[in-house]
Chemist: 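Could you have a look at this structure, given as structure tokens, before my questions?
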Amino acid sequence: MSLNINATPITAALAGAFSAAVWPLLWSRFGGEGGDSAGLVIATLLAIALPAHLFVVGLGRAGHDASRTLDTALLRRIGAWLAAAALVAAVQSLT
């Protein structure tokens, strides 16, 4: 049984929005002076790296051509991920 997650610009944008919304909460809990650095690393992996990998890169790419060509679909998903994260961060800074 294999897990296939097809990453799209929409899933990438949702992952970026999630990461941007959660990061300030994680930083206030684990970061700053005297923060729990191990907790911050684990929280970063769970809130940023894991969603980015699952919903920007995707899983189940065994049939993907491994040649050294530019993956424009991946670049679009990365752009959507970063744009959504920037938008959420901008909205949060207004409040």
Side-chain angles (χ1 to χ4, degrees):
M1 179 177 168
S2 67
L3 179 66
N4 287 330
I5 295 177
N6 294 323
T8 67
I10 299 296
T11 62
L14 291 173
F18 171 78
S19 296
V22 170
W23 180 249
L25 302 171
L26 296 175
W27 181 257
S28 67
R29 170 73 171 89
F30 298 108
E33 294 289 324
D36 177 12
S37 61
L40 184 61
V41 169
I42 292 168
T44 301
L45 290 172
L46 292 175
I48 296 173
L50 183 63
H53 183 76
L54 292 177
F55 300 112
V56 178
V57 177
L59 295 176
R61 300 185 60 152
H64 182 69
D65 180 17
S67 66
R68 295 172 85 44
T69 60
L70 185 63
D71 189 348
T72 56
L74 176 60
L75 291 177
R76 280 193 294 275
R77 293 191 306 267
I78 291 170
W81 178 62
L82 291 174
L87 179 66
V88 169
V91 169
Q92 286 179 333
S93 72
L94 296 175
T95 58

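Numbers here simply count residues along the sequence, with the first being 1. Because only heavy atoms are used, hydrogens play no part in the values below, and waters and symmetry mates are left out as well, while side chains stay in.
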Chemist: For Arg76, give me all partners under side chain to side chain contact (heavy atoms under 4.5 Å, CB included), at least two apart in sequence or on another chain.
Modeler: Thr72, Ala73
Chemist: Among all residues two or more places apart in sequence or in another chain, which pass the side chain to side chain contact (heavy atoms under 4.5 Å, CB included) test with Ala12?
Modeler: Val56, Arg77, Ala80, Trp81
Chemist: Could you identify which residues cluster with Leu94, counting Ile, Leu, Val, Met, Phe, Trp and Tyr as linked when any side-chain heavy atoms lie under 4.5 Å apart, either directly or through a chain of such contacts?
Modeler: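 Its cluster mates, by chain and number: none.
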Chemist: Identify all side-chain donor-acceptor contacts of residues 15-25 below 3.5 Å with residues at least two apart in sequence or on another chain.
Modeler:
{"from": "Ser19", "atom 1": "OG", "to": "Ala15", "atom 2": "O", "distance (Å)": "3.0"}
{"from": "Ser19", "atom 1": "OG", "to": "Ala47", "atom 2": "O", "distance (Å)": "2.7"}

Chemist: Please determine whether residues Ile78 and Ile48 belong to a single hydrophobic cluster, defined as Ile, Leu, Val, Met, Phe, Trp and Tyr linked transitively by side-chain heavy-atom distances below 4.5 Å.
Modeler: yes
Chemist: May I ask you to list the residues sharing a hydrophobic cluster with Leu45, side-chain cutoff 4.5 Å, ordered by chain and number?
Modeler: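 Val41, listed by chain and number.
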Chemist: Apply side chain to side chain contact (heavy atoms under 4.5 Å, CB included) to Leu50 and list each qualifying residue two or more places apart in sequence or on a separate chain.
Modeler: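 So Leu50 forms a side chain to side chain contact (heavy atoms under 4.5 Å, CB included) with Leu46, Leu54.
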Chemist: Which heavy-atom pair separates Leu40 from Leu26 by the least distance, and what is that distance?
Modeler: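 Heavy-atom minimum between the residues: CD1-O, 4.4 Å.
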